[in-house]
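Every number for a ligand or one of its atoms is a count from 1 in the order of the listing. All values below were derived from every heavy atom in this structure, side-chain atoms included, with hydrogens, water molecules and symmetry-related copies excluded.
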Amino acid sequence: MPRLFTAIEVPEEVGLILSGYRGGLSGARWIDVENYHITLRFLGDVDEETAQEAAYLLGKVRRAPFEVTFEGPDAFGGARPRSLIVKVAPTPALIELQAEHERLMRRAGLAAESRKFTPHVTLARLRDASPRAVADYLGLRGGPPGLSFRAEQFVIYSSRDSVGGGPYVLEAAYPLR
Ligand code: ATP
Ligand code: MG
């Protein structure tokens, strides 16, 4: 069964700038720049029929391109940090697009996503990184990078069946216009 998620791609030149966050934290497994993305809706492992229906319904989205703006780096996991991210500004256009994906994926038969949408790009997975080391890293790198780009489309990516992880494969692209 394909394992799918919808996302905004990170343009190559933007990824290169974000890759400047790499390094300086032991216990971090840095994500390859070509795998940077902003997840909108995680579908998970779905059967072929659900995948087809999801792809069809996403084709109904009619939205204009919009600016994606990065806020500062941060970590997920609190006292047990598990990933290093760079936050994306939760602007109305992004939130509304994500909410529409949520509605459409429920129509395709998927269970509701209970977690709050926190737009981000994952920079690294953390293993045995101490909260202190993460705080020090963020203290040095903190602050918005003053970086943005224009999202002209959203996509469906597949990751590896069952287990996830990159390289992600682009399955479909939907222009914003
Ligand atoms: P892994 O986390 O196992 O290294 P991955 O996260 O790269 O793999 P997937 O697990 O297929 O690959 O996830 C694809 C995308 O969906 C990632 O951006 C991930 O953060 C996100 N994601 C995964 N599981 C969920 C979930 N339950 N809810 C929301 N988003 C999720
Ligand atoms: Mg995962």
Problem - Sorted by chain and number, the residues that approach ligand 1 to under 4.0 Å with a heavy atom - result: R3, F5, H37, T39, F42, E113, R115, R125, S159, V163, G164, G165, Y168
Fill in the blank from the handout: Residue pairs meeting ring-ring contact (aromatic ring centres under 6.0 Å, His included), one or both in residues 107-140, sequence neighbours left out, come to F76-H120
Exercise for the section: Could you check whether the rings of F154 and Y174 sit parallel, tilted or perpendicular, using 30° and 60° as the cut-offs? Expected result: parallel
Practice task
Go through the structure and list residues passing salt bridge (Lys or Arg N to Asp or Glu O under 4.0 Å) with E53, not counting sequence neighbours.
Solution key: none
Fill in the blank from the handout: So ring-ring contact (aromatic ring centres under 6.0 Å, His included) across residues 11-34, not counting sequence neighbours, yields none
Handout entry: Mutual orientation of the aromatic rings belonging to F5 and H37 [parallel < 30°, tilted 30-60°, perpendicular > 60°]
Key = tilted
Practice task
Please examine the side chains of L170 and Y157, heavy atoms only from C-beta on, and report whether any two atoms are closer than 4.5 Å.
Solution key: yes
